[in-house]
Structure formats: C-alpha cells, structure tokens
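It should be emphasised that the depicted structure is a prediction, and the values quoted were computed from it without experimental measurement. Naming: A, B, ... by sequence-line order, numbering from 1 per chain.
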There are 2 protein chains.
Amino acid sequence: MNTVSKSQKKRDALVKATISLVNNNGFHATPMSKIAKMAEVSAGTIYLYFENKQDLVNQVYIDVKAAFSKFAFKDYEEGGSVNKGFEIIWKNIAEFKLMKVEEAMFLSQCDNTPIVDEPSRKEGLKHLQPLLDLWERGKKEEIIKPVSPYMLYAFSIYPIAFLMNMQEREIFKLTKENIDEAYEMAWNSIKI
Amino acid sequence: MNTVSKSQKKRDALVKATISLVNNNGFHATPMSKIAKMAEVSAGTIYLYFENKQDLVNQVYIDVKAAFSKFAFKDYEEGGSVNKGFEIIWKNIAEFKLMKVEEAMFLSQCDNTPIVDEPSRKEGLKHLQPLLDLWERGKKEEIIKPVSPYMLYAFSIYPIAFLMNMQEREIFKLTKENIDEAYEMAWNSIKI
DNA sequence: TACAAAAAAATGAACGTTCATTCATTTTTA
DNA sequence: TAAAAATGAATGAACGTTCATTTTTTTGTA
C-alpha cells in the first residue's frame with residue numbers, strides 16, 4: 001500500500017521542483033509557472049499548498065534544513081567523547097553536502113541571500129543544538145577553543161559548503177582522502 | 001579640481017545603488033527603476049553605461065571583486081616569510097569584510113547564486129594569484145599543508161564571510177580579540 | 001456492492017500589475 | 001551651433017495570483 005497521501009506527493013513534487021529551479025536559475029528567474037510545470041501540476045494548485053511564492057521558499061527552506069539537521073546527527077549520541085562526537089557529526093554533514101547536493105546548494109543560496117525571511121531562518125537554526133552542546137562540553141573539558149560557537153561553526157563546518165560549491169562547478173574534486181584531510185583541517189582549527 | 005568625470009560619477013552611483021539594493025532586497029526584488037531612483041538618474045541612463053540588467057550585475061561584481069583583491073594585497077610584498085605574508089593578507093581580507101560590509105555582502109551573495117554569469121566569475125578570480133603563489137611556496141617550505149588551494153581557501157579565508165554575515169545580522173559581534181582568535185584558527189587549519 | 005449526491009481537490013484561462021528596455025525629445029557640454 | 005548625454009513616457013512581455021469551472025474522492029443510502 002501507499003502510505004504517502006496523494007496531496008503529500010504533490011507538495012513533495014513542488015518542493016523538489018523549487019529546489020531544482022532555484023539552484024539552476026536563481027530565485028529571480030524561477031517563475032511559479034515553471035515550478036508548476038516541472039512538478040506536473042497546474043499553476044493554481046501551488047496555492048492550495050502554499051500561501052504565495054514567499055511562503056513557498058520559506059517552507060522549502062525549513063523542510064530542507066530539517067532534513068539536513070536530521071542527517072547531521074544520525075549515529076550520534078551525546079555522552080561519547082567530544083573528539084569522536086565531533087567527527088561523527090562533521091562527517092555526516094560532509095556526506096550530506098556531497099550526496100544531497102541539490103538540497104545543500106539550495107541551503108547555501110538561502111543562507112546568503114534575502115530570499116527567505118527572518119522567522120524562517122530562525123526556525124531553520126533550531127535543530128543544531130546538539131552540536132552546540134557538544135562544543136560547550138568540549139570547552140569545559142579544555143579540548144575545544146573557548147570561543148563563540150559562531151567562530152567554531154565558521155571554521156569547522158562552513159568551509160564544507162565552499163568545497164561543495166567548487167565541486168559542483170567542477171573546479172575541484174572532493175575524494176575520500178580529501179575528506180579526511182578536510183576533517184583534519186576542521187579539527188585543527190577548533191581544538192585547543 | 002575634479003579628476004573624476006561626470007559620467008564616471010553616474011556609473012559609480014549606479015554601482016553603489018545596485019550593491020545596496022541587491023544586499024537589502026535581493027536581486028529578484030531590485031528593479032532597474034529603483035536602481036535609477038537611488039542613483040538619482042533616469043531609467044534610460046542606465047542603458048548608456050550597461051547593456052542590460054545582467055551586464056550591470058556582472059560589471060558590479062567584477063568591479064567589487066577587483067577592489068577586494070587590491071585591498072587584500074595592500075602592504076604585502078612577495079619574498080617575506082610565508083607566515084608573515086599570510087597574516088598580512090588574511091588580516092587585510094578580514095578588514096575588508098568588516099569595514100566594507102556592503103561590498104563584502106554583495107560578493108557573498110554573488111558567489112552563492114547564479115546572478116552573475118560564469119565568465120564574470122572567472123574574471124573575478126584572476127587577481128588572487130599572489131595568495132596562491134604564497135601558498136605554493138609555503139608547501140615547498142613544508143609550512144603549509146600539501147593540499148589543494150581550494151581546501152586552503154575553504155578553511156582559512158571563506159570562514160570570514162560567515163562571521164561577517166553573522167555580524168551583519170547582529171547575531172554575533174566581531175571584536176579586536178575575536179579577530180586575533182579567528183586568525184589563529186585560520187592559521188591552525190592550514191599550517192603543517 | 002452499486003450508485004448518486006455532496007465535498008474536496010485540481011485546473012488553467014484571465015486579470016491586473018510590474019518590469020526591463022526603447023526612443024523621440026530635451027538638456028547639457030564642447 | 002553641433003554633438004553628446006540624459007530624460008522619462010511609452011511599450012510589450014512576463015509574472016504572481018485568482019476564481020469560475022471541471023475532475024476526483026468521499027460519503028450516505030439501499
């Protein structure tokens with residue numbers, strides 16, 4: 001049997017189409033009509049699921065960010081060593097950015113432009129708490145540098161987005177060895 | 001006397017207006033009419049300086065990127081130690097991102113969306129060679145990790161853009177001390 | 001189970017607005 | 001006074017959104 005309702009399928013198709021078109025053409029060149037066409041849905045149908053274009057991007061952003069966060073913490077449980085915990089999370093994030101390129105590219109575009117509104121941005125940040133907690137513990141244990149979590153994020157996590165971007169533009173190839181080197185660089189920047 | 005021609009002034013005003021409006025509203029919500037109004041120029045005048053809207057953003061991108069690169073290498077001369085050279089360049093870049101926020105935000109938006117075309121992107125990259133050369137020397141001297149320059153850039157330079165973004169959203173404050181800490185983190189990630 | 005009536009979902013043509021761009025005219029400069 | 005620069009109203013295409021109509025699904029009844 002089919003556990004996904006028909007209307008959920010349409011919403012999913014719309015979300016997917018939005019991600020793909022915004023990635024390839026940018027938000028400014030992604031009309032609702034094209035989204036509808038790619039999702040194989042009529043133009044009016046979009047407005048049964050989303051209030052308007054702004055609401056559509058907001059919801060897509062929140063959806064993708066939730067999927068990202070879920071992925072980031074798979075196989076992770078609090079309580080283990082800070083080193084190991086960070087490695088698990090970091091490699092999950094790297095895997096997400098390299099496997100789910102479409103989603104990751106979309107997030108990178110949203111995080112660097114005013115196409116999503118402030119409340120949705122806040123909403124998207126919610127799920128990162130376990131990483132912040134881990135860092136807090138790492139600071140107490142004098143393993144992690146006693147600096148703002150924004151600094152830790154900037155130097156250890158954010159760089160992955162750049163590598164993904166270069167990879168996507170076929171300027172640079174991220175191999176298995178590269179990933180281990182990258183992880184080392186991330187860790188070296190935040191460890192004491 | 002006035003060494004800047006009148007028409008150069010108009011072009012400058014258009015460039016400035018474009019940066020400001022794209023930063024605040026996004027490219028999709030920046031009509032030519034608003035750019036003209038903010039630059040105190042008639043709509044048609046834009047087309048004396050730029051072919052069309054695409055050409056306008058491309059040129060603004062290239063202009064700003066050139067200013068950025070120039071700034072990045074001020075007070076730098078090849079030949080000094082790798083450590084010192086990198087510190088000078090890194091701190092220049094940090095200063096640019098924190099002092100010339102408008103320009104830096106615009107670059108970050110362009111670098112993460114398809115609003116500028118590929119040739120302009122290539123053009124914008126041209127001026128970074130001295131940093132690549134420095135890194136190459138650092139690798140030979142076994143001071144810098146023997147990894148792709150994209151990796152070095154991702155972990156040492158790219159994070160500054162994240163900090164700038166957070167600073168701009170008033171989520172995080174970058175103080176003098178922070179900057180020194182950040183520099184340490186950057187250096188730790190790329191040094192052997 | 002079969003069918004019809006009611007409700008819900010989906011459609012897509014139509015609407016009004018906004019936008020990028022043009023060009024006949026005016027203003028400024030040489 | 002000729003040339004160059006600037007203007008801004010006009011144009012037509014494209015867009016987001018609506019809504020009268022159609023299609024599909026659900027419900028109620030025998």
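Each of C/dT11, C/dA20, D/dC15 was ranked by its minimum atom distance to the side chain of A/Ser42; first place goes to C/dT11.
Residue A/Lys10 has no polar side-chain atom (N or O) positioned under 4.0 Å from OP1 or OP2 of C/dA9.
In this entry the distance linking CG of B/Leu48 with C1' of D/dA3 reads 14 Å, nearest Å. Rounded to whole Å, the distance from CD1 on B/Ile46 to C1' on C/dT22 is 13 Å. Remark: C1' of C/dT11 and NZ of A/Lys37 are 14 Å apart, rounded to the nearest angstrom. Distance A/Leu14 CG to C/dA9 C1': 14 Å, rounded to the nearest Å. Regarding A/Leu21, its CG atom lies at a distance of 15 Å from the C1' atom of D/dC15, rounded to whole Å. Per the geometry, CZ belonging to A/Phe50 stands 12 Å off P belonging to C/dA10, to the nearest Å. Note: NE2 (A/His28) to P (D/dA14) measures 15 Å, nearest angstrom. As a whole-Å value, the separation of A/Asp55 CG from D/dG16 P is 15 Å.
Here the side chains of B/Ile190 and B/Phe86 are in contact, with some heavy-atom distance below 4.5 Å. Inter-residue side-chain proximity for A/Lys139 and A/Val147 is flagged as unmet; no heavy-atom pair is nearer than 4.5 Å.
Residues that satisfy the ring-ring contact (aromatic ring centres under 6.0 Å, His included) test with B/Tyr61, not counting sequence neighbours, are absent from this structure.
Enclosure of atom CD in A/Glu118 by more than 12 non-hydrogen atoms of other residues, nucleotides or ligands within 6.0 angstrom is indicated. Other residues, nucleotides and ligands contribute over 12 non-hydrogen atoms within 6.0 Å of the NZ atom of B/Lys91. Within a 6.0 Å radius of CD in A/Glu141, more than 12 heavy atoms belonging to other residues, nucleotides or ligands are found.
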Quick one: which protein N/O atoms are closer than 3.5 Å to N/O atoms of nucleotides 17-19 of chain D? Pair and distance per line, please.
from   : atom 1 : to      : atom 2 : distance (Å)
D/dT17 : OP2    : A/Tyr47 : OH     : 2.7
D/dT17 : OP2    : A/Lys53 : N      : 2.9
D/dT17 : O5'    : A/Tyr47 : OH     : 3.3

